[in-house]
Amino acid sequence: GFVVAIRTADVGTALILLGGGREKAEDVIDPGVAMEILKKIADPVKKGEPLVRLHIGATSKVDEAKNRVLRAYDIGSKRPKRPPLIRARIA
């Protein structure tokens with residue numbers, strides 16, 4: 001199939017759960033946490049193929065973050081049109 005949509009707010013929340021972002025200003029960010037987006041909208045994907053790669057530290061919320069990322073991706077049988085990288089210019 002193809003990646004037809006990604007709910008980026010859910011991906012961002014998953015990163016926060018892993019310690020790579022903040023919910024509030026006083027939260028500490030773990031500099032060892034990162035997320036590589038391997039599949040973007042309109043990319044082909046096969047069953048079992050990774051969508052993202054997580055780089056994590058010690059956290060108990062790995063399963064919750066993983067499930068949130070998996071739910072953020074919609075896979076369909078038809079390749080959608082790739083969205084534009086630049087939507088508008090502000091002058």
Side-chain angles (χ1 to χ4, degrees):
F2 299 92
V3 177
V4 295
I6 305 170
R7 284 175 288 290
T8 54
D10 288 335
V11 173
T13 300
L15 194 58
I16 290 170
L17 287 169
L18 296 171
R22 299 181 183 152
E23 286 187 80
K24 45 194 181 309
E26 53 274 359
D27 289 348
V28 177
I29 295 177
D30 181 348
V33 171
M35 184 181 298
E36 292 179 69
I37 306 297
L38 303 175
K39 295 294 181 176
K40 300 176 185 125
I41 294 175
D43 285 350
V45 64
K46 296 177 184 171
K47 187 173 183 168
E49 190 173 22
L51 303 171
V52 301
R53 181 174 294 125
L54 301 174
H55 301 270
I56 60 172
T59 180
S60 62
K61 298 183 179 181
V62 174
D63 289 335
E64 184 181 352
K66 175 185 167 186
N67 289 332
R68 189 174 289 267
V69 170
L70 289 173
R71 286 192 314 263
Y73 274 77
D74 288 341
I75 309 297
S77 59
K78 292 185 180 181
R79 174 180 259 156
K81 184 177 178 183
R82 192 174 301 271
L85 291 176
I86 299 172
R87 291 181 188 242
R89 291 178 188 246
I90 301 172

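Bear in mind the structure is a predicted one, so any value in this text is a computation, not a measurement.
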Would you name the heavy atoms of [X] and [Y] that are closest together and state the gap between them?
X: I41; Y: P83; result: CG2-CD, 3.7 Å
X: V4; Y: G76; result: CG1-N, 3.9 Å
X: A14; Y: V69; result: CB-CG2, 3.5 Å
X: R79; Y: P44; result: NH2-CD, 3.3 Å
X: P80; Y: A42; result: O-CB, 3.4 Å

Q. Stepwise, does the side-chain contact (heavy atoms from CB on, under 4.5 Å) test hold for I37 with R53?
A. CA-CA 7 Å; I37 306 297; R53 181 174 294 125; over 6 Å; no

Q | Check: D43 side chain, K40 main-chain N or O, donor-acceptor pair, under 3.5 Å | A |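 Checking the backbone N and O of K40 against the side chain of D43, a donor-acceptor pair under 3.5 Å is found.
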
Q. With sequence neighbours left out, what residues match D30 under side-chain hydrogen bond (donor to acceptor under 3.5 Å, both in side chains)?
A. none

With side chains defined as the heavy atoms from C-beta onward, is the minimum distance between [X] and [Y] less than 4.5 Å?
X: V45; Y: F2; answer: no
X: M35; Y: V11; answer: yes
X: V52; Y: E36; answer: no

Q. With the threshold set at 4.0 Å, does a side-chain nitrogen-carboxylate oxygen contact exist between K66 and D63?
A.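 Between D63 and K66 there is no salt bridge, as every charged N stays at least 4.0 Å from the carboxylate O atoms.
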
Q: Please say whether more than 12 non-hydrogen atoms of neighbouring residues, nucleotides or ligands are located less than 6.0 Å from NZ in K39.
A: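 More than 12 within 6.0 Å, yes.
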
Q: Apply side-chain contact (heavy atoms from CB on, under 4.5 Å) to I56 and list each qualifying residue two or more places apart in sequence or on a separate chain.
A: L18, L54, V62

Q. Taking only residues at least two apart or on different chains, which pairs with a member in residues 4-23 satisfy side-chain hydrogen bond (donor to acceptor under 3.5 Å, both in side chains)?
A.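 Applying side-chain hydrogen bond (donor to acceptor under 3.5 Å, both in side chains) to every pair that reaches into residues 4-23, excluding sequence neighbours, yields R7-D74.
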
